[in-house]
2 protein chains.
Amino acid sequence: MDNSISKIQGAITRNSELFEELASLYKIFGDASRVKILCALTQSEMCVSEISAFLSISQSAVSHQLRILKTSNLVKTRRDGKNIIYSLTDEHIKTIIDCGMEHIAG
Amino acid sequence: MDNSISKIQGAITRNSELFEELASLYKIFGDASRVKILCALTQSEMCVSEISAFLSISQSAVSHQLRILKTSNLVKTRRDGKNIIYSLTDEHIKTIIDCGMEHIAG
DNA sequence: TAAACATATGAACAATTGCTCATATAAGCA
DNA sequence: TGCTTATATGAGCAATTGTTCATATGTTTA
């Protein structure tokens, strides 16, 4: 193995945890329901029943997905009466979606 | 559901296939071995045994992962004697990795 | 307070994933 | 031509995933 490749190996091996984290992030975007939810939330905050309605999947399934998104800090919530309103924690999430969309388009 | 949300619903429902495709793309990045391979290839083209060595995973496992990357057109190959040399199909892949890394760092 | 509505959660299950093992294919070399 | 090296591939398996179903929690309203 030549020297430049062993440098790459070193860099990646040393930062193995970082790549685990990166993979975990992408794994979350790797489901159509979740990425649709995230994309919708780039446009407007929404409550669970609204999300459930437009995705045509059950309230329970949406809640499970939202929990994943919340646990990984991609969305935050606030209560409004009976509803829980979900929104993105940061604008950077839109950048990630756009980045992937560009790849598909290109 | 208010009018602005039904517009979002429309946009997402109409482009459902696009989101499936987007999710499929991210799913590929959602594995630490694969994202390490892709990251390494942003620095230099490499053959299978080199990748296997630096990831410390078996040749067979690497081959399986490379097949996934090739099938989804993220990497391309050329033969050099006994070796098959893998490289990225396009520079945009680095952008996607950087984009995710920024999110983690931020 | 009781009924209705909105959301969350645990168990269970089928589908998918990423690996290993064994083996096939293909090129270089004695 | 046989032997070795490099890579690919199929079967099988354990682990993970995304859903459904049933039910729990929490809020509003009559």
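Within every chain, numbering begins at 1; the chains are lettered A, B, ... in the order of the sequence lines, protein sequences first and strands thereafter.
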Exercise. Is the closest side-chain donor-acceptor distance between B:Glu20 and B:Ser24 under 3.5 Å?
Worked result: no
Problem set entry | Out of C:dT7, C:dG18, C:dA27, whichever nucleotide has its closest atom nearest the side chain of B:Gln65 | C:dG18
Exercise. For the base of D:dA6, is there a side-chain donor-acceptor partner from B:Gln59 under 3.5 Å away?
Worked result: no
Exercise. Less than 3.5 Å between a donor and an acceptor, one on the side chain of A:His64 and one on the base of D:dT20, is that the case here?
Worked result: yes
Problem set entry | Closest listed nucleotide, where the reference is the side chain of A:Ile57 and the choices are D:dT19, D:dG26, C:dA8 | D:dT19
Exercise. So what does B:Lys70 hit on the nucleic acid, given a heavy-atom distance under 4.0 Å: a base, only sugar-phosphate, or nothing?
Worked result: nothing
For this session: Return the nearest nucleotide to the side chain of B:Val48; candidates are D:dA8, D:dA22, D:dT5.
Result: D:dA8
Problem set entry | Residue A:Arg67, side-chain heavy atoms: nucleotide from C:dA6, C:dG10, C:dA26 that is nearest | C:dG10
Exercise. Per the side chain to side chain contact (heavy atoms under 4.5 Å, CB included) rule, which among A:Leu41, A:Leu55, A:Ile51 passes with A:Lys36?
Worked result: A:Leu55
Exercise. Choosing from C:dC19, D:dG10, C:dA8, which nucleotide comes nearest the side chain of A:Tyr86?
Worked result: C:dA8
Problem set entry | Distance, nearest 0.5 Å, that separates OG1 of B:Thr77 from CG of B:Leu66 | 9.5 Å
For this session: Could you please name the option among C:dG18, D:dG18, C:dT20 that lies closest to any side-chain atom of A:Ile68?
Result: D:dG18
Exercise. The side chain of B:Ser63 lies closest to which of these nucleotides: D:dT5, D:dA8, D:dT19?
Worked result: D:dA8
For this session: Please state whether the base of C:dT9 and the side chain of A:Ser60 form at least one donor-acceptor pair under 3.5 Å?
Result: yes
Exercise. The side chain of B:Cys47 lies closest to which of these nucleotides: D:dT7, D:dT19, D:dA6?
Worked result: D:dT7
Exercise. Roughly how far, to the nearest 0.5 Å, is the CD1 atom of A:Ile37 from the CE atom of A:Met46?
Worked result: 9.0 Å
Exercise. Do the side chain of B:Ser58 and the base of C:dC21 come within less than 3.5 angstrom through a donor-acceptor pair of N or O atoms?
Worked result: no
Problem set entry | A:Lys27 side-chain proximity, nearest of D:dT7, D:dT17, C:dA6 | D:dT17
